[in-house]
Amino acid sequence: MKTYNDFLQESGEKKWQEKWEAEKTFEVTEDASKEKFFGLIEFPYPSGAGLHVGHPRPMTAMDVISRKKRMEGKNVLYPIGFDAFGLPTENYAIKTGRQPKDVTKENIANFIRQLKMLGYSFDWSRVIDTTDPAYYQWTQDIFLKFFEHGLAYKKNTPINWCLSCKIGLANEEIVNGACERCGGTVEKRDKEQWMLAITKYADKLLEGLDTVDYIERAKIQQSNWIGKSTGAELDFAIKNFEEKIRVFTTRPDTLFGASYMVLSPEHALLEMLKDNIENLDEVAAYQKQAGLKSDLERTELQKDKTGVELKGIKAINPVNGEEIPVWIADYVLATYGTGAIMAVPAHDERDFEFAKKFDLPIRQVVAEMIPSAEKDIPKEGKETVRRQNVIVLVKHPEEDAYFCLDWTKQGWTSFVIGGKENGETWEDAAIREMKEETGYQNIKSINLLGFETHTNFFAAHKDVNRYGEQRAVYIELADDERAEVDPKEVKNHDGKWVKVEDLHDFINLDNHIYYYNIFKEGEKAFTGEGIAINSDFLNDLKKEEAIEKMIAWLEEKGIGEKKDNFRLRDWVFSRQRYWGEPIPLVYCPHCAENGERKSKGEERNPGWIPLDRKDLPLELPHVEKYEPTDNGDSPLADMREFVETTCPRCGGEAKRETDTMPNWAGSSWYWLRYMDPHNDTAFASKEALNYWGQVDWYNGGMEHTVLHLLYSRFWNQFLHDIGEVPHSEPYAKRTSHGLILAQDGEKMSKSKGNVVNPDDMVAKFGADALRTYIMFMGPFDQHVAWSEEGLKGVKKFFDRVWNLQEFICSEQAYLFSEDVEREIHKTIKKVGDDIEVLGFNTAIARMMEMVNFVYKKKALAKEQFGKILSILSPFAPHMTEELWEKSGYEGSISIAPWPVYDEKYLVEDMVTLVVQVNGKVRAKLEVAADISEEDVKALALAEENVVKWVEGKDVRKVIYVKGKLVSVVV
RNA sequence: GCCGCGGUGGUGGAGUUGGUAGACACGAGGGACUUAAAAUCCCUUGGUAGAAAUACCGCGCGGGUUCAAAUCCCGCCCGCGGCACCA
């Protein structure tokens with residue numbers, strides 16, 4: 001008989017691949033009678049190295065899903081294409097002196113060969129290539145739509161220039177201040193760049209996340225990247241100037257605590273103020289030095305804050321009219337908010353650090369609420385007395401010990417504490433209380449410690465609720481001179497010295513522990529929620545209420561308003577390289593002067609005229625030399641015949657834009673093209689767009705959850721807003737796979753020489769084994785290390801599946817085993833459920849168990865074999881097609897119906913119960929599943945080993961969990 | 001620093017609405033077949049003690065809740081990923 005190895009050796013897999021292609025098994029058209037399913041994977045970048053074993057992980061997963069959906073009767077679109085513009089190809093072409101176009105063509109051909117070798121059910125009639133003019137015509141068309149709606153604009157902006165790639169980078173492409181791609185140095189350069197106004201969509205991109213089913217991590221990363229913060233913008237007047245300093249703050253409730261202001265060194269106002277700055281030299285020097293620092297240096301040096309005061313300049317705090325100093329410092333970023341802040345050192349860590357360093361005033365305006373212990377919670381119906389308390393840390397003159405109180409009746413253990421009386425300062429009160437309660441007289445030093453806090457509690461010794469406002473004071477005694485203590489003062493507590501190392505365990509009142517921690521760990525800004533104090537009309541309000549009230553006040557006075565801010569920046573959309581989509585705009589000096597403005601884009605960018613749609617695609621010109629230039633101009637800028645053109649509007653002399661689009665452009669809309677890839681009058685027809693709608697399931701790498709996902713959602717939302725696509729969100733569901741690491745647990749890379757080539761694996765074990773092993777390796781969303789031993793194991797499994805044929809005896813009587821049938825139905829359910837939740841490894845394990853079971857029973861009916869093949873076919877399509885055919889089934893297994901399990905086979909009639917005694921397993925019972933509780937308990941208690949453990953003890957309780965266990969408590 | 005994910009045999013990993021920890025696979029050991037090897041088939045395989053029945057210990061560490069905890073709660077340790085002077 002032919003073995004599985006024979007099948008592989010006779011190119012059995014190839015045979016089926018050719019058959020699928022000839023019969024167009026996986027080609028689809030819009031079919032209103034069927035429910036559609038659109039499964040998408042990120043299309044690969046066709047590098048010269050070809051596929052490595054990392055690629056097939058997402059592809060196989062989505063192939064399994066697509067194949068199953070197809071068998072379930074869905075109209076499945078599972079497309080593939082190539083994202084082929086970009087630097088690696090261009091650099092390789094430069095090195096080898098070839099044309100990027102030719103290199104790309106070859107690479108794509110190699111990728112297609114490898115992908116076909118793996119037996120994916122792609123619709124090969126829909127392959128797209130982003131470098132094909134028939135494709136990028138529509139990338140250009142969509143860009144013009146952005147332009148026409150005023151969302152593309154040219155701006156002279158400091159860009160991030162990578163010295164080694166010779167290319168400007170988007171903010172998103174910088175990782176820790178270095179180039180994401182090559183790790184090289186990035187410097188700031190001023191350059192005219194096309195920008196896309198993605199920030200206009202910041203809110204929409206954020207809100208859209210609530211409507212889609214993405215893995216949580218992807219949502220979190222996207223929303224971090226968008227970085228929305230809610231607050232207010234408001235103006236501070238400058239003394240003797242008309243100009244105002246506008247600031248953004250998330251904490252308008254702390255305005256009374258704003259004790260100075262900081263401008264970023266690049267702030268435009270500095271130019272206007274310069275005649276009044278008394279220390280202009282110093283300021284200018286600081287500005288210069290800050291400008292020289294790269295982003296990397298700025299972040300690295302963040303520990304140590306620097307800055308210079310603008311002498312002679314004072315700002316006025318609008319809530320209290322107070323004059324406050326103005327500084328410049330590079331901890332304030334020019335690019336965020338308004339580039340200026342109000343500093344509230346008491347409630348912002350950075351301002352606190354800065355204020356400490358430069359000795360600026362720190363004013364507390366929010367008090368933390370410290371909850372009282374459970375037993376001291378305020379009692380209803382009791383009067384509440386507001387009282388100021390001082391907590392005093394009294395340090396022994398010689399030893400490192402503190403005077404503490406032990407309140408025997410209340411069960412409190414605390415530092416010295418007492419009330420502050422009217423007219424007293426906190427320090428006065430602390431000294432008085434210290435003398436009254438300890439008798440000590442002479443102090444060496446005294447300091448306030450930390451901030452004021454509030455506590456609400458029931459004071460049993462006075463039978464009232466107290467709302468305590470407390471501060472802590474640290475006192476170091478000078479000597480041990482001690483006066484007589486009035487017994488009245490100490491009737492509730494005993495005093496004693498506690499060593500510093502015992503303090504933590506001794507003190508049990510939460511508010512005292514709070515100050516103990518500050519004493520131990522040092523003071524810091526209080527940035528949490530609390531109660532407004534020292535804030536006039538905000539006093540006693542909670543954070544949210546105070547923010548609301550302050551914003552209302554600012555709006556009423558006309559000096560500020562509610563405002564949201566985003567971390568997200570507009571998208572730098574031009575690159576100075578050859579191998580990208582040309583930007584279809586020309587600059588016409590004539591139209592810049594007198595032209596009529598036909599769109600928002602032309603209003604925003606005077607002189608920039610879009611090409612007529614009939615002149616698209618604007619093809620990349622053929623050039624011999626396309627090396628990047630050192631001056632930062634695109635290589636196209638040197639080509640007169642490309643640059644010099646006529647204006648599509650007035651016919652006068654004009655110049656083409658010579659920058660090209662970034663790598664991300666082609667992938668920002670590609671799934672739409674899959675719906676209608678050959679359309680030459682639109683990027684896709686309305687019919688196709690309406691039929692295929694949203695991508696039902698998009699799987700891709702975690703590395704793309706910020707950039708590609710955000711950009712493509714942005715394009716889709718824009719196209720939706722202008723009525724071009726039916727859904728606002730492009731992808732209904734997004735999942736991610738983990739990386740496949742090399743055998744050594746490292747990332748696969750050419751330089752490490754640990755790359756595994758799929759061609760070799762397919763030659764050795766077959767595509768089915770490779771596919772299935774990749775799915776079996778480990779949890780789909782986690783990283784897993786490659787192991788060829790594991791792959792061997794899967795191959796062995798297929799040998800066993802192949803040899804199942806031996807158990808089928810079609811000539812003889814119908815060999816039907818109820819046990820096997822039950823096993824198969826359980827497996828059908830498990831495999832079906834697991835595929836839906838990406839549990840491929842457990843689905844395969846279940847099928848292995850099933851096959852092992854059949855080997856034990858050595859009996860299999862033909863229909864049963866058919867079901868086994870069907871559920872295995874999404875993983876191993878070639879082998880199962882072959883066996884399907886050999887078993888005499890008609891047609892392709894790829895479109896055979898997915899088997900349906902029968903519920904009746906899922907319920908067991910006999911179950912194994914565990915009997916526990918005091919939580920330990922002592923016996924097992926084989927019983928009918930529907931046995932009564934009484935019977936089961938009786939049986940359990942009669943078990944020999946149970947009797948042994950229960951003997952001589954009282955049975956307190958017997959618990960029966962149906963179908964699972966009996967638990968005896970003795 | 002903040003946010004997120006994870007830590008289970010020699011290995012990859014199952015099991016997380018609390019209920020037999022270690023499914024499945026790899027590796028290892030033993031056996032059958034063979035002149036021999038490979039392949040294949042069968043058995044054993046968390047640790048310790050024991051011939052066995054069985055007992056005790058075991059899911060990063062320390063506590064807690066519960067008849068019962070890998071799973072829930074509190075406090076830590078380690079690894080990975082994202083963000084990071086964003087006001």
Side-chain angles (χ1 to χ4, degrees), chain A residues 3 5 175-176 215-225 227-229 231 247-251 254 258 261-262 264 298-299 301-305 329-333 335-344 347-351 353-354 527 565-569 702-703 705-706 738-739 773 776-779 781-794 796-797 799-800 803 839 841-852 855-856 912-924 944-945 948 956-970:
Chain A
T3 65
N5 278 330
V175 178
N176 295 329
I215 43 166
E216 208 48 38
R217 269 207 300 164
K219 286 192 182 185
I220 290 167
Q221 284 191 26
Q222 292 234 337
S223 85
N224 280 352
W225 193 264
K228 178 173 179 166
S229 41
V247 299
F248 171 72
T249 177
T250 55
R251 294 294 302 273
T254 62
M261 301 194 76
V262 187
S264 63
R298 271 209 190 187
T299 40
L301 296 170
Q302 70 176 262
K303 304 262 142 37
D304 203 18
K305 291 208 165 27
D330 66 3
Y331 83 91
V332 173
L333 307 175
T335 50
Y336 186 79
T338 61
I341 61 156
M342 63 180 213
V344 185
H347 306 293
D348 181 280
E349 281 167 32
R350 296 148 300 176
D351 298 343
E353 197 186 320
F354 193 81
T527 56
N565 238 310
F566 296 90
R567 205 191 79 107
L568 186 69
R569 300 269 77 90
M702 268 324 284
E703 70 275 19
T705 45
V706 178
L739 290 179
Y773 169 61
F776 184 60
M777 289 175 86
D781 58 355
Q782 275 170 43
H783 297 182
V784 273
W786 180 259
S787 152
E788 200 168 310
E789 298 304 319
L791 178 50
K792 261 193 229 164
V794 172
K796 211 158 92 183
F797 167 58
D799 285 326
R800 285 163 69 82
N803 294 334
N841 53 338
T842 47
I844 294 164
R846 180 64 243 192
M847 289 190 282
M848 288 171 166
E849 275 184 84
M850 171 184 69
V851 170
N852 291 346
Y855 266 73
K856 284 221 169 64
T912 309
L913 291 183
V914 168
V915 185
Q916 296 183 340
V917 181
N918 278 359
K920 297 223 181 241
V921 179
R922 297 304 180 189
K924 290 176 186 181
E944 195 187 337
N945 206 38
K948 200 172 100 193
R956 284 228 314 263
K957 222 194 306 186
V958 181
I959 299 156
Y960 173 51
V961 181
K962 198 165 187 305
K964 293 254 166 93
L965 56 68
V966 180
S967 185
V968 183
V969 188
V970 298

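Numbered from 1 within each chain, the chains take letters A, B, ... in sequence-line order.
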Considering heavy-atom distances to RNA chain B, does K228(A) or E849(A) have its closest nucleotide positioned more toward the 5' end? E849(A)

Between S229(A) and Q782(A), the residue closer to the 5' end of RNA chain B by nearest nucleotide is Q782(A)

Using atom [atom1] of [X] as one end and atom [atom2] of [N] as the other, report the distance to the nearest whole Å.
X       : N      : atom1 : atom2 : value
E216(A) : C3(B)  : CD    : P     : 15 Å
K924(A) : A53(B) : NZ    : P     : 13 Å
M702(A) : C5(B)  : CE    : P     : 12 Å
R922(A) : G19(B) : CZ    : C1'   : 16 Å
K948(A) : A53(B) : NZ    : P     : 12 Å
I215(A) : G82(B) : CD1   : P     : 14 Å
R217(A) : G4(B)  : CZ    : C1'   : 8 Å
E349(A) : C2(B)  : CD    : C1'   : 10 Å

Nucleotide opposite [N] in a Watson-Crick or G-U pair, distances under 3.5 Å:
N      : value
C72(B) : G64(B)
A49(B) : U54(B)
A25(B) : U11(B)
C59(B) : none

Quick check on [N]: is either OP1 or OP2 less than 4.0 Å from any side-chain nitrogen or oxygen of [X]?
X       : N      : result
R846(A) : A14(B) : no
T842(A) : C24(B) : no
K957(A) : C67(B) : yes

For [X], answer base if it contacts any base atom (sugar-phosphate contacts may also be present), sugar-phosphate if it contacts only those atoms, and nothing otherwise; contact means non-hydrogen atoms under 4.0 Å.
X       : value
S967(A) : base
N841(A) : sugar-phosphate
N945(A) : sugar-phosphate
G337(A) : nothing
R567(A) : base
K796(A) : sugar-phosphate
N852(A) : sugar-phosphate
F797(A) : nothing

Could you check whether any side-chain N or O of N565(A) sits under 3.5 Å from a backbone N or O of S229(A), counting only pairs where one atom can act as donor and the other as acceptor? no

Would a distance-only check, ignoring hydrogens and angles, find a side-chain to backbone donor-acceptor pair under 3.5 Å from Y773(A) to G793(A)? no

The side chain of [X] lies closest to which of these nucleotides: [options]?
X       : options                : value
A845(A) : A23(B), A87(B), C41(B) : A23(B)
R800(A) : A87(B), C42(B), G27(B) : C42(B)
I959(A) : U20(B), A87(B), C67(B) : C67(B)
Y331(A) : A87(B), C85(B), C24(B) : C85(B)
I220(A) : A55(B), G4(B), C67(B)  : G4(B)
W225(A) : C83(B), C56(B), U20(B) : C83(B)
Y855(A) : G82(B), A87(B), C41(B) : C41(B)
V784(A) : C56(B), G13(B), C67(B) : G13(B)
F776(A) : C24(B), C85(B), G4(B)  : C24(B)

Whole-angstrom distance between [N] and [M], as gauged at atom [atom1]:
N      : M      : atom1 : answer
G60(B) : A55(B) : P     : 25 Å
C5(B)  : A28(B) : P     : 38 Å
U11(B) : C56(B) : P     : 27 Å
A52(B) : U45(B) : P     : 12 Å
G64(B) : G47(B) : P     : 30 Å

Kindly indicate whether the side chain of I959(A), heavy atoms from C-beta on, has any atom under 4.5 Å from the side chain of Q916(A). no

Taking the side chain as every heavy atom from C-beta outward, state whether W786(A) and L791(A) have any pair of such atoms under 4.5 Å apart. yes

Can you measure from OG1 (T335(A)) to CG (L333(A)) and round to the nearest 0.5 angstrom? 5.0 Å

Please state whether the base of G19(B) and the side chain of Q916(A) form at least one donor-acceptor pair under 3.5 Å? yes

Base of C85(B), side chain of K305(A) - is there a donor-acceptor contact under 3.5 Å? yes

Is it the case that over 12 heavy atoms from other parts of the model lie below 6.0 angstrom from the CD atom of E349(A)? no

Any chance the side chains of N852(A) and R800(A) put a donor and an acceptor closer than 3.5 Å? yes

